[in-house]
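Reviewing the structure listed below.
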Amino acid sequence: MKSMDAQPVPTNDYYYDNNDDHHNDDATTEMAVVHSPSSSSLKSNGFTDSRSSDEFSYASEVHFYPLEGSYQQKLYDWAYPSNVPRELQILRLENLAIPTCYLLVGIMQGLSGPLINVYPLDLGATEAQQASVGSLRSLPATFKILFGFWSDNYKLFGYRRKSYMGLGWIVSSLSMIILLFVGGNNPSIPLLSFSFLMMGTGFWFADVMGDSIVAEKAKLETIERRGNLQSTCYACRFFGLMVSAPFSTVIYSSIGANYVISLLAIFPLFILPIVYVYKERYNVKVKSPGDQCKEIWSTVCSRAVWQPMGFVYLYNTLQVGNAAWREFLKTVLEFSSNQLNSLLIIAYVLLYLGILAYKYYFIRWSWRAVYIWTTLLNGVLSALQILLIEGITFGLSPYVFALGDDAMADFIGGIQFLPTTIMMVHLCPSGSEGASYAMFTTVNNSALTLSGAISTMLLPIWDVSKEAMEDGDLSGMTNLTILTTALQLSGICFVFLLPRTKEELVALVPQLKVELEE
């Protein structure tokens with residue numbers, strides 16, 4: 001029989017303890033060491049603990065914590081910061097499904113994007129059929145609000161999120177397995193389209209579950225740390241996109257499409273054990289669909305919601321690009337396909353770096369300041385395109401000059417991405433995070449879609465056709481670039497609709513004050 005007065009025995013760099021059940025899951029911190037029950041001995045070693053002596057066990061037990069000052073302790077503190085609630089320590093096994101889901105979303109986007117760009121054409125598809133395949137993959141994203149609403153209201157196996165997340169990734173994997181084994185080396189275009197439609201359905205379903213979990217957990221952050229969880233998760237997502245896109249291109253060109261499809265089938269299966277061990281409350285009480293609809297409608301009608309969301313919609317709608325720019329790079333500057341693809345890959349890298357820049361530096365800035373300065377910088381970069389059109393590159397090669405214009409714009413986009421997502425997640429009413437956050441992101445995405453449509457509508461204003469460029473007439477390109485630059489800069493006019501800071505957002509949304517006080 002164990003003595004209740006036994007002391008934990010130090011061994012090398014660790015104190016051992018197997019009594020992990022005594023750690024409070026709801027506590028905001030978890031001790032990084034196991035302490036002696038004697039308060040005097042605790043204080044002499046620089047530790048404090050309120051647990052009684054019957055909560056300790058011998059060093060012969062397996063569980064251990066690193067001693068203070070060791071490199072293991074530093075690694076432990078980095079992975080499980082003591083000033084962060086356990087629920088937000090996403091590197092714990094019980095929470096690991098959250099960053100892993102975001103990472104997998106990026107990997108799947110990166111692997112499938114280059115494949116869809118070229119594979120249908122290699123199978124003999126028309127340009128219209130190729131566009132249809134890409135559209136079908138993205139089509140389920142328009143139903144994100146339905147995915148969120150369903151998971152908010154109807155549990156699967158007693159859970160609102162983890163079961164649907166696993167189901168989504170299973171559907172995504174099975175669709176690629178069917179394409180691989182039924183289609184073989186030469187699948188039909190209808191089979192290819194159906195497979196990517198089903199992959200997109202599972203993919204976006206799982207993505208909505210990840211967003212819903214983050215929307216729930218982000219409310220546990222203090223005002224000072226608000227946005228850290230989302231910035232970390234989106235950093236994982238864009239890292240996956242950055243790495244997998246060039247990887248997919250190399251695999252496709254060197255050993256074939258089926259190997260890329262095999263990766264698309266295998267990767268979703270890796271996350272299933274992690275989803276299974278994710279810690280989610282079981283059989284929680286959910287609101288009725290009617291009550292949830294009323295709450296979401298009440299949220300939308302609130303000035304605290306429609307005012308910042310109005311900014312998001314107007315600003316993104318005005319980010320109109322020059323739709324003839326790629327044709328200019330290819331026809332006039334004679335960029336090769338490899339050069340155009342390298343611009344895309346470098347843009348992914350800088351997008352990821354932009355996310356990191358906001359996470360570690362710009363997160364301390366006012367949201368209005370972030371948008372004002374990044375918009376002005378983006379206007380400068382857009383104006384530099386005029387110099388490239390006129391052939392003024394200051395001795396740099398056109399490729400390097402274009403790289404500065406195009407790729408840096410994605411770096412700015414990465415910085416601008418997080419403030420709106422942080423804002424949207426804290427506008428979600430409790431219990432309706434899935435549907436409400438999906439609705440807010442749909443507003444954002446629809447504005448970007450409209451912006452793309454406007455850029456296409458502007459093409460007939462001036463002659464920016466391939467024939468005109470080949471004849472040396474670039475006046476239309478210059479005029480169109482000036483117009484799109486002016487439209488992008490005009491977004492600053494609506495920045496007053498945006499809360500300056502997270503604190504001002506709290507003042508706009510009364511329920512956030514209540515949550516923080518609780």
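This is a predicted model, so every value here is computed, not measured.
When atom types are taken as modelled, the side chain of Q385 and the backbone of L381 share no donor-acceptor pair closer than 3.5 angstrom. Checking side-chain atoms of T481 against main-chain N and O of M477 turns up a donor-acceptor pair under 3.5 Å. A donor-acceptor pair is defined here as one N or O able to donate and one able to accept, closer than 3.5 Å; such a pair exists between the side chain of S451 and the backbone of Q319. Using modelled atom types, no side-chain atom of R137 and backbone atom of M199 make a donor-acceptor pair closer than 3.5 Å. Side-chain N or O atoms of S253 include one that pairs as donor or acceptor with a backbone N or O of V250 at under 3.5 Å. A distance-only check finds no donor-acceptor pair linking the side chain of Q488 to the backbone of L318 [under 3.5 Å]. Remark: the backbone N or O of V243 is not paired with any side-chain donor or acceptor of Y348 at under 3.5 angstrom.
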Original post:
Which is it for T484 and N322 under the side-chain hydrogen bond (donor to acceptor under 3.5 Å, both in side chains) test, yes or no, and what are the steps along the way?
Top reply: CA-CA 6 Å; T484 55; N322 187 338; 5.0 Å; no

Subject >> Check against side chain to side chain contact (heavy atoms under 4.5 Å, CB included), V370 and Y358 >> reply: CA-CA 9 Å; V370 168; Y358 183 83; 4.2 Å; yes

Original post:
Please walk me through it: do W204 and F143 pass side chain to side chain contact (heavy atoms under 4.5 Å, CB included)?
Top reply: CA-CA 9 Å; W204 290 115; F143 303 114; over 6 Å; no

Subject >> Intermediate values then yes/no, side chain to side chain contact (heavy atoms under 4.5 Å, CB included), T485 and I386 >> reply: CA-CA 10 Å; T485 300; I386 300 174; 5.6 Å; no

**OP:** Give the intermediate values and the outcome of side chain to side chain contact (heavy atoms under 4.5 Å, CB included) for residues I261 and Y119.
**Re:** CA-CA 11 Å; I261 297 172; Y119 191 38; 4.1 Å; yes

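Sorted by first and then second residue, the pairs that involve residues 229-238 and meet salt bridge (charged side-chain N to carboxylate O under 4.0 Å, His left out), not counting sequence neighbours, are D207-R237. Among residue pairs with one or both ends in residues 172-197, those qualifying as side chain to side chain donor-acceptor pair (under 3.5 Å) are N185-N258; sequence neighbours excluded. Evaluation of the salt bridge (charged side-chain N to carboxylate O under 4.0 Å, His left out) test over residues 473-499, restricted to residues two or more places apart or in two chains, returns none. Residue pairs that meet the ring-ring contact (aromatic ring centres under 6.0 Å, His included) test with at least one member in residues 454-497, sequence neighbours left out, do not exist here. Here salt bridge (charged side-chain N to carboxylate O under 4.0 Å, His left out) pairs that include residues 307-325, with residues two or more places apart or in two chains, number zero.
Within the 4.5 Å cutoff, the side chain of L96 has no heavy atoms near those of the Y278 side chain. I251 is listed as a side-chain neighbour of L263, based on a closest heavy-atom distance under 4.5 Å. Counting only heavy atoms from C-beta outward, the side chains of V214 and Y437 never approach each other to under 4.5 Å. In this structure, I107 and F247 have side chains that are not in contact, with every pair of non-hydrogen atoms separated by 4.5 Å or more. The closest side-chain heavy-atom distance from Y234 to V105 is not below 4.5 Å. Residues L197 and P140 are in side-chain contact: their nearest non-hydrogen atoms beyond the backbone lie under 4.5 Å apart. Side-chain contact between L388 and L333: present, with at least one pair of heavy atoms (C-beta onward) separated by less than 4.5 Å. Within the 4.5 Å cutoff, side-chain heavy atoms of F311 are placed close to those of V495.
When all heavy atoms of P114 and A245 are compared, the pair lying nearest together is CG-O, 3.7 Å. Taking both residues in full, the closest heavy atoms of F196 and S112 are given as CE2-CB, 4.3 Å, listed atom of the first, atom of the second, then distance.
Distance check: M209 CE to R160 CZ gives 9.5 Å after rounding to the nearest 0.5 Å. Remark: T232 OG1 to I90 CD1 distance equals 5.0 Å, nearest 0.5 Å.
Applying the ring pair (Phe, Tyr, Trp, His ring centres under 6.0 Å) test to F239 and every residue at least two apart in sequence or in another chain returns Y352.
Tested against F205, the residues W169, W150, Y164 include a single ring-ring contact (aromatic ring centres under 6.0 Å, His included) partner, Y164. Only one option out of R161, M165, K144 pairs with V208 in a side-chain contact (heavy atoms from CB on, under 4.5 Å); it is K144. Of the residues L264, L174, L191, the one that meets the side-chain contact (heavy atoms from CB on, under 4.5 Å) test with L179 is L191. Of the candidates V320, N316, T317, L450 forms a side-chain contact (heavy atoms from CB on, under 4.5 Å) with just one, namely T317.
In this structure, F238 and F417 have perpendicular ring planes: the angle between them is above 60°, well past the 30° mark.
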